[in-house]
Structure formats: structure tokens, C-alpha cells
A.B. asks: 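Mind looking over this structure? Questions follow.
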Amino acid sequence: MYKRLTGMQDILPEDQPYWRFVRKKIDQITALYGFERLDVPIIEETGLYVRGVGQGTDIVDKEMYSFQDKGKDNVTLRPEFTAGFMRSYVENHLYKRPQPVKLFTIGPIFRYERPQAGRFRQHTQFNVEALGVEDPAIDFEVMSLAHQFFSELGFQGVHFQLNSTGCPQCRPQYIERLQAHYRLHYDEICDDCKRRLDRSPLRVLDCKASQCQPVIASAPKIADYLCDDCRLHFQSLLRYLDNAGLAYIVNHRLVRGLDYYRKTVFEVWVEGIGAQAAVCGGGRYDGLGQEIGGPPTPGIGFGSGIERIVMAMKAQGLTVPGLPKPQVLVAYLGKEAKERAVPLVQELRWYNIGVILPFGDRSLKSQLRQANRERVRYVVIIGEDELARGRAQLRDLQEHQQQDVPLDTLRQWLSERLPIKAEK
RNA sequence: GUGACCAUAGCUCAAUAAGGUUAGAGCACCUGGUUGUGGCCCAGGAGGUUGUGGGUUCAAGUCCCACUGGUCACCCCA
């Protein structure tokens with residue numbers, strides 16, 4: 001028997017209402033904010049991600065689905081969207097268009113990780129990117145979109161974890177101070193942090209080991225080391241958020257694992273996805289354009305995992321509308337009645353009336369049970385008697401009533417009361 | 001990559017404190033109780049080589065080992 005690959009999952013019909021709801025909200029919210037859809041390939045040259053995401057990051061070092069194709073090209077299943085977006089922006093000369101270019105997409109992302117609650121090797125990401133503008137007002141716009149998105153999905157008290165991670169002007173000085181601080185406490189910190197100190201120093205701030213907490217608490221804060229440019233940018237953003245009443249928590253420990261982030265970084269946390277909290281993570285990546293060989297291009301965006309959103313929605317008891325389903329079942333008794341039922345079902349569907357046809361020549365009782373189970377409103381019953389008279393029994397399962405109607409008026413009778421519609 | 005836990009019917013679980021005959025139940029499914037009438041109820045039915053492979057034993061779902069898979073957590077992230 002074949003089984004799903006580790007970390008992959010099937011999205012069964014019963015979960016589709018959530019997915020439909022989230023996708024619909026994505027379409028609405030992006031249209032409202034003026035973001036256009038851009039779809040990029042699911043597979044790119046490996047080099048794009050190695051350069052874009054950065055050597056030394058976990059993604060590049062151990063999480064990419066990379067392989068050589070039949071033409072001996074080194075390719076990789078996309079582990080994130082932003083690098084591909086920047087590639088497309090440069091390749092299609094989108095920088096020639098009025099800036100910013102505001103884009104979004106939704107699609108699968110692949111990372112070879114050990115699965116756990118809220119983490120999969122393939123997950124679906126809603127990505128929003130605004131390229132070409134440095135103005136902190138666009139940082140605000142992107143965050144505002146995220147805020148409205150989650151609020152309208154039904155989440156209560158949506159707020160941001162927010163920080164600035166500086167830029168190449170100021171970050172190095174801060175990192176030196178941070179490393180100096182950690183060297184003073186070298187014996188007290190965990191092994192992971194000893195490793196991080198050289199490879200990815202900002203990450204020590206994110207450590208969860210209890211022994212590291214005092215060292216983190218006494219560590220210098222990057223906010224005190226930002227250059228004028230970064231500080232003013234951050235202050236403007238905070239002001240916009242304040243004025244708009246969007247809640248945030250400045251979290252000095254919030255950092256990113258990817259090299260290209262500058263200045264603004266933010267996340268949205270929600271309850272209900274196990275040890276994971278982030279349902280949205282993003283930031284500014286002004287260095288990425290040049291990194292992959294394009295023009296210097298400011299950009300800000302976020303990614304949001306749909307699986308995590310759905311999981312959190314369920315955990316928090318958020319409800320979504322049901323999907324439309326047929327409201328009529330045509331039951332038949334006997335071979336000749338079936339001969340008439342099959343084209344009747346076809347006809348009704350052509351007139352936009354959703355119909356279920358039972359299969360297998362089962363008893364009327366069984367067909368009615370099915371009708372009840374599938375919660376249709378009406379059952380059309382065609383038997384020998386009815387067939388001979390050119391009529392059908394029309395049973396209303398909700399009102400427990402039944403009437404005898406001419407077969408050729410069924411279409412009109414039903415279409416008057418049953419345009420196909422969503423359940424409840 | 002590291003660690004912990006888990007694996008019995010489609011699903012959720014049972015199977016006397018440390019082995020003992022044909023592995024049970026609820027839900028779901030099918031059939032019947034009404035020559036052709038749903039929900040509720042009643043009766044019946046189908047559905048398992050107890051994850052795989054070894055081992056211990058007179059005897060293994062139960063004990064031991066390995067493997068596979070899953071879950072959760074770490075690393076890290078959505």
C-alpha cells in the first residue's frame with residue numbers, strides 16, 4: 001500500500017470549507033488593498049535560493065528539496081516565495097512599472113523538516129510582497145492588510161510582534177556588542193547558543209533554553225544601536241500603527257533566520273497550533289534584489305501558512321460557511337424508472353438545480369436514507385405507477401409532505417424554490 | 001539531525017495487577033422490520049493475517065529485539 005510521504009498531507013473534503021473560506025478572504029483582502037496576483041514556478045534554479053535566502057541559513061543548509069534534473073540542472077522545490085518573486089520582478093522588468101509593485105500569491109512551499117504540530121514538509125503559503133518603495137508607510141500597509149485578513153477570518157485580538165533588525169550600516173556594530181556580552185557569559189549559555197554566536201548571532205535572542213534567559217534579558221537591545229535611517233523608519237512605522245490603532249508588541253528578541261531581512265520584522269501569533277505560534281511572518285528585505293544580481297530593490301512582505309490558519313481556526317472554534325450542495329435526490333424504482341431518472345437528473349442540472357442520483361438499484365427505503373443523510377430538501381420519486389402516468393412523487397423532507405406532480409413540470413417547480421446555494 | 005511517546009475494524013477505544021481457547025464495543029456502513037417512503041427504534045450483516053520481521057514460551061494483541069510508520073518536542077520556522 002502506498003502512503004503519503006513524511007510531512008505531506010491530504011486535505012480531505014471535510015476540511016475544504018475552511019480552505020475555501022480562507023482563499024476567498026485572500027482574494028477579497030488583496031483586491032481591497034490593490035495587490036495583484038503573481039504566480040511563480042514551483043521549482044527554480046538552486047542558486048536562486050542559495051544566493052537569495054543565504055548560505056548558513058537552515059533552509060539552505062538542510063531543508064531544501066534539491067536535485068539534478070534530466071538535463072543536469074541543479075534545481076530546487078521552492079522553500080519560500082520571496083526569492084522567486086524578486087527574480088520575477090527583475091526578469092520581467094517589473095521595476096519599470098509604477099512603483100511600488102504590489103503582489104501576492106498562494107501556493108505550496110517545500111522544506112525538508114521533521115514534521116510536528118503545525119509543521120509540514122509541504123505547506124501552503126499566502127504571500128504578500130510590495131516591491132520598489134522604501135517608505136515605512138508601505139510597511140504599515142502590508143501589516144494593515146495582514147491585520148484585517150486575520151481579523152476578518154474571525155481571530156480575536158490580532159496583534160503584531162514587531163522589531164527592527166537594522167541594516168548593514170548598523171547591524172554589525174550591534175552584533176559585536178551582542179557577541180561581547182555573550183562572551184562574558186559564555187559558561188552560562190546553552191550549547192546551541194555557543195554555536196549560534198558565530199553562525200547566526202541574532203538568533204541567540206530567540207533561544208528558549210532556561211539557562212539562556214538571564215543572559216538574553218541583560219543583553220544589549222538592537223533598538224539602542226539602530227542608525228538614523230533605521231531608527232526613523234521604525235519610529236514612523238510605530239506612529240502609523242499607533243494612529244491606526246493596530247496593536248503591536250515591540251519584541252527585541254524577534255529575529256529572522258533569513259539573511260535578506262532588514263529593518264522591519266514582524267509576526268502574528270495565534271493560539272492552537274501546538275508549540276508553534278506564528279501564523280504570519282514577514283519583514284523588509286531591501287538587500288535581496290542586489291543579492292540575486294538585480295538592481296537595488298526595496299521590498300517588504302509576509303508569508304502566512306494556510307494549514308496553520310485552518311488549524312488555529314478549528315482550535316479556536318471559528319466557524320465557516322458550508323459549501324453548496326445538491327438539494328434534490330431523484331429516487332427510482334425499477335429498470336424503466338431508472339431509464340427515465342438518468343436523463344431527468346441531467347436535465348435538472350442543466351437548469352442549475354443540484355441533484356443527486358443514487359446508484360446501485362437499491363430499495364426506496366435505502367434511497368430515502370441516503371437523501372436524509374445528505375440532507376437534501378426534496379426527493380423526486382419515480383416508480384412504475386408514476387412513470388405510466390407521466391408524473392412523479394415530490395417529497396419534501398423538511399415539511400414531511402408529498403405531492404403528485406407531472407414529470408414535465410418538475411424542472412420549473414424546483415427551479416422556483418431551489419437556486420443552488422450554500423448550506424446554512 | 002536529536003529526544004520522548006505511540007501502533008488492535010473506516011473512526012474512537014476494550015481485551016482480568018506482570019501471557020491462556022473462535023480479538024470485543026460504540027459510531028459509521030449495508031440489509032430487513034412497510035409489494036414503493038427518510039430521521040427515532042428494533043433485528044441482523046459485513047468489516048481484523050492485532051504496522052512488518054524475528055525471538056522467548058506448551059501458549060504472544062499482551063514479554064524481548066530490530067525495522068517501518070505516526071505523534072509530539074528540540075533545532076528552526078509558516
Side-chain angles (χ1 to χ4, degrees), chain A residues 1-9 12 14 53 56-63 79-82 106-128 146 150 190-193 195-196 199-200 203 206-209 254-258 265-270 273-282 301-312 329 331-334 337 358 360 362-387 392-402:
Chain A
M1 215 27 213
Y2 291 109
K3 305 184 67 173
R4 270 171 293 166
L5 258 24
T6 298
M8 305 291 166
Q9 43 177 1
L12 297 175
E14 49 267 39
V53 176
T57 61
D58 284 332
I59 287 181
V60 170
D61 286 359
K62 55 182 199 185
E63 295 178 359
E80 58 120 48
F81 270 116
T82 308
I106 175 172
I109 294 292
F110 301 84
R111 290 181 199 168
Y112 193 88
E113 303 180 271
R114 283 290 289 272
Q116 69 183 73
R119 172 181 299 144
F120 315 97
R121 288 185 176 176
Q122 176 184 336
H123 78 274
T124 310
Q125 210 168 90
F126 165 39
N127 232 245
V128 168
F150 290 109
C190 70
D191 291 342
D192 282 334
C193 280
R195 233 180 345 97
R196 292 184 183 110
R199 294 189 53 182
S200 184
R203 300 268 199 77
D206 200 27
C207 184
K208 288 163 200 149
L254 186 69
V255 295
R256 298 274 82 159
L258 310 187
V265 295
F266 65 91
E267 290 185 0
V268 175
W269 294 353
V270 299
I273 34 181
Q276 314 305 323
V279 78
C280 169
F302 68 79
S304 184
I306 311 297
E307 286 81 358
R308 284 189 181 180
I309 290 173
V310 170
M311 200 175 300
L329 180 142
Y332 54 89
L333 287 152
R362 290 176 287 122
S363 68
L364 179 59
K365 182 196 196 81
S366 173
Q367 296 182 62
L368 281 164
R369 274 187 182 149
Q370 179 181 352
N372 189 63
R373 184 174 57 237
E374 311 220 29
R375 285 202 257 281
V376 304
R377 175 73 189 270
Y378 301 105
V379 177
V380 174
I381 302 169
I382 305 174
E384 306 288 322
D385 299 353
E386 290 80 8
L387 203 56
Q393 299 296 322
L394 185 51
R395 186 169 180 80
D396 183 332
L397 295 193
Q398 188 173 308
E399 300 299 323
H400 310 283
Q401 289 171 349
Q402 187 165 313

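In what follows, every heavy atom counts, from backbone to side chain, and hydrogens, waters and symmetry copies are set aside. Computed from a prediction, not measured in an experiment: that's the story for all the values here. The chains referred to below are lettered A, B, ... by the order of the sequence lines, with proteins before strands, and numbering in each begins at 1.
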A.B. asks: What integer number of Å spans the P atoms of B:rU2 and B:rA23?
C.D. replies: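 Per the computed distance, 40 Å lies between those P atoms.
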
A.B. asks: Under a 3.5 Å cut-off for both contacts, is B:rA66 paired Watson-Crick or G-U wobble with anything, and if yes, with which nucleotide?
C.D. replies: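 Looking at the geometry, B:rA66 pairs with B:rU52.
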
A.B. asks: Heavy atoms under 4.0 Å, any strand shown: does A:S366 hit a base, just sugar-phosphate, or nothing?
C.D. replies: sugar-phosphate

A.B. asks: Can you tell me how far P in B:rA14 sits from the matching atom in B:rC63, rounded to whole Å?
C.D. replies: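 Pairwise P distance, B:rA14 against B:rC63, rounds to 14 Å.
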
A.B. asks: Does B:rC74 have OP1 or OP2 sitting under 4.0 Å from an N or O in the side chain of A:Q116?
C.D. replies: yes

A.B. asks: What interatomic distance, in whole Å, is found between C1' of B:rU12 and the corresponding atom of B:rG55?
C.D. replies: 33 Å

A.B. asks: Should B:rG32 form a Watson-Crick or G-U wobble pair with both distances under 3.5 Å, which nucleotide is its partner?
C.D. replies: B:rC42

A.B. asks: Across nucleotides 37-52 of chain B, 5' to 3', mark each nucleotide with B, S or - according to how protein heavy atoms within less than 4.0 Å reach it.
C.D. replies: BBB-------------

A.B. asks: If pairing requires Watson-Crick or G-U wobble contacts with both distances under 3.5 Å, which nucleotide is the partner of B:rA4?
C.D. replies: B:rU71

A.B. asks: What nucleic acid atoms does A:A275 come within less than 4.0 Å of, heavy atoms only: base, sugar-phosphate, or nothing?
C.D. replies: sugar-phosphate

A.B. asks: Among B:rU71, B:rA78, B:rC76, which nucleotide has an atom closest to any side-chain atom of A:R203?
C.D. replies: B:rC76

A.B. asks: Please work out if A:K62 contacts a base, only the sugar-phosphate, or nothing of the nucleic acid, heavy-atom cut-off 4.0 Å.
C.D. replies: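 Answer is base: heavy atoms of A:K62 come under 4.0 Å of a base.
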
A.B. asks: Classify A:F126 by what it touches in the nucleic acid, base, sugar-phosphate, or nothing, heavy-atom distance under 4.0 Å.
C.D. replies: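 Result for A:F126 = nothing.
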
A.B. asks: Between B:rU49 and B:rG53, how far apart are the C1' atoms? Round to whole Å, please.
C.D. replies: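 Those two atoms are separated by 14 Å.
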
A.B. asks: Using the P atom in both, what is the distance from B:rC65 to B:rA7, to the nearest Å?
C.D. replies: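 One P to the other, the span is 15 Å.
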
A.B. asks: Between B:rG70 and B:rG51, how far apart are the two P atoms, rounded to whole Å?
C.D. replies: 16 Å

A.B. asks: Rounding to the closest angstrom, what is the interatomic distance between B:rU71 and B:rG19 at atom C1'?
C.D. replies: 29 Å

A.B. asks: Please state whether the phosphate of B:rC72, meaning OP1 or OP2, lies under 4.0 angstrom from any side-chain nitrogen or oxygen of A:R114.
C.D. replies: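 Checking A:R114 against B:rC72: no side-chain N or O falls below 4.0 Å of OP1 or OP2.
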
A.B. asks: Counting heavy atoms from C-beta on, name the nucleotide in B:rC77, B:rG32, B:rA78 closest to the side chain of A:Q276.
C.D. replies: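 Of the options given, the side chain of A:Q276 lies nearest B:rC77.
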
A.B. asks: Please give the nucleotide sitting opposite B:rC27 as a Watson-Crick or G-U wobble pair, both distances under 3.5 Å, or none.
C.D. replies: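 Checking every strand shown, B:rC27 finds its partner in B:rG10, with both distances under 3.5 Å.
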
A.B. asks: Just to confirm, is there a sub-4.0 Å distance from OP1 or OP2 of B:rC77 to any side-chain nitrogen or oxygen of A:R256?
C.D. replies: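 False: A:R256 side-chain N/O out of range (4.0 Å or more) of B:rC77 OP1/OP2.
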
A.B. asks: Taking only side-chain nitrogens and oxygens of A:T6, does any of them come within less than 4.0 Å of OP1 or OP2 of B:rG69?
C.D. replies: no

A.B. asks: Sticking with atom C1', work out how far B:rA73 lies from B:rC11, rounded to a whole angstrom.
C.D. replies: 26 Å

A.B. asks: Mind listing the closest non-hydrogen atom pair of A:D396 and A:E399 along with its distance?
C.D. replies: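 Looking at all heavy atoms of both residues, the shortest contact is OD1-N, 3.0 Å.
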
A.B. asks: Using whole Å, what does the distance between atom P of nucleotide B:rA73 and atom CD of A:E113 come to?
C.D. replies: 13 Å

